[in-house]
Amino acid sequence: MSLANRICNSFHAIELHEANSFPSSTDMRTSLWKAIRMMWPACLQDDSISCMDAIVDADSEDNTTDQVIWKAYSHPWFSRFLEVLADPHLVGRTTMSISSHRIPFEHLIRHKQLGGRGCATRVRLEKDSKEFHVFKGIDFRTFLAQNDDEGDSAIKYTVRSWHNSNMMLITMRPHPNVLPPP
């Protein structure tokens, strides 16, 4: 059984013979990170990895991480993701009201996906910073997780909700229990 199948079986807690899964979540993560360490230097040499819509598939032909195979490609749904984000019926007034203080997405160092609809992530702004912040936005991972065959209704609802909550944060008066933007 391939590494990808074993990871899925373990992640979803599908009860199978141990050879088709992992003994524990720790073993699964160890195996996954070993595969990433093996393939990452080669990935960095591939020009397609720097594309905004790059997806990297990693797998092995057997159940080990000794022979990891990988492929970087542009995801075919990325243009749909951009269309949903730019839909004027969902955007509302948020983009007109955002302050001039902006932090480029590539400067965020992601640490942990937080609860909710998948739109909040614990981040640091600098590599050596000890301070954490919360990035609240809709990324491609959220789009893929909420994709549906009903005209993207789930992700459109999330985009609309994000704009509404963002508008509330932007227009809210300063409060001693709410930190201002960095």
Side-chain angles (χ1 to χ4, degrees), residues 7-8 10-13 22 24-34 36-37 40 43-44 49-56 58 74-75 77-182:
I7 289 171
C8 287
S10 178
F11 182 79
H12 293 291
F22 290 94
S24 69
S25 294
T26 302
D27 292 326
M28 175 193 66
R29 287 184 186 95
T30 300
S31 188
L32 175 61
W33 283 111
K34 181 179 178 187
I36 291 170
R37 274 193 305 276
W40 198 248
C43 280
L44 293 176
I49 198 76
S50 64
C51 296
M52 187 168 48
D53 62 342
I55 301 286
V56 178
S74 294
H75 199 285
W77 291 352
F78 194 73
S79 59
R80 253 179 59 210
F81 165 64
L82 295 178
E83 287 171 15
V84 168
L85 290 181
D87 186 336
H89 297 99
L90 304 176
V91 173
R93 302 167 303 187
T94 303
T95 53
M96 292 180 252
S97 306
I98 294 175
S99 73
S100 61
H101 182 77
R102 297 177 189 200
I103 298 170
F105 185 76
E106 62 270 13
H107 291 186
L108 300 177
I109 301 166
R110 299 170 63 119
H111 280 269
K112 182 180 180 184
Q113 189 79 20
L114 301 175
R117 291 192 178 100
C119 299
T121 306
R122 187 176 183 201
V123 299
R124 285 194 172 127
L125 301 179
E126 298 171 14
K127 193 173 189 174
D128 298 325
S129 174
K130 303 258 190 266
E131 291 184 359
F132 284 101
H133 300 275
V134 174
F135 165 74
K136 187 166 169 57
I138 299 172
D139 58 10
F140 191 49
R141 172 179 50 185
T142 303
F143 175 81
L144 291 174
Q146 295 187 8
N147 176 45
D148 61 38
D149 293 330
E150 299 172 10
D152 296 322
S153 61
I155 189 65
K156 286 179 179 179
Y157 177 81
T158 299
V159 170
R160 191 176 301 110
S161 297
W162 178 85
H163 280 289
N164 289 340
S165 66
N166 195 42
M167 191 65 187
M168 182 184 72
L169 285 172
I170 290 169
T171 59
M172 192 167 66
R173 292 183 178 167
H175 190 277
N177 295 336
V178 178
L179 293 173

For Arg80, check side chain to side chain donor-acceptor pair (under 3.5 Å) against everything at least two apart and list the hits.
-> Asn147, Asp152

Does some side-chain heavy atom of Lys34 sit less than 4.5 Å from a side-chain heavy atom of Arg37?
-> yes

Sub-4.5 Å side-chain heavy-atom contact between Val159 and Leu85 = yes

Pairwise distance CH2(Trp162) to OH(Tyr157) - rounded to 0.5 angstrom = 16.0 Å

Distance col, row Glu131:CD vs Leu125:CG, nearest 0.5 angstrom, shows 8.0 Å

Is the closest side-chain heavy-atom distance between Ile109 and His111 below 4.5 Å?
-> yes

Would a 4.5 Å heavy-atom cut-off, applied to side chains only, mark Leu108 and Thr121 as touching?
-> no

Look at the rings of Phe140 and Phe143 and say which category their plane angle falls in: under 30° parallel, 30 to 60° tilted, over 60° perpendicular.
-> parallel

What are the two closest non-hydrogen atoms of Asp148 and Ala154, and how far apart are they?
-> OD2-N, 2.8 Å

Phe81 versus Val84: any side-chain heavy-atom pair under 4.5 Å?
-> no

Check the side chains of Thr142 and Asp139 for a donor-acceptor pair under 3.5 angstrom, ignoring hydrogens and angles.
-> yes

Run the numbers on His75 and Leu144 for side-chain contact (heavy atoms from CB on, under 4.5 Å), then give the verdict.
-> CA-CA 10 Å; His75 199 285; Leu144 291 174; 3.9 Å; yes

Rounded distance (nearest 0.5 Å) linking atom CD of Gln146 with atom OG of Ser153 = 10.0 Å

Separation between NZ of Lys130 and CZ of Arg124, rounded to the nearest 0.5 Å | 7.0 Å

Flag, side chain of Thr30 to backbone of Thr26, donor-acceptor distance under 3.5 Å = yes

Report the distance from atom NE2 of His163 to atom CE of Met168, rounding to the nearest 0.5 Å.
-> 15.0 Å

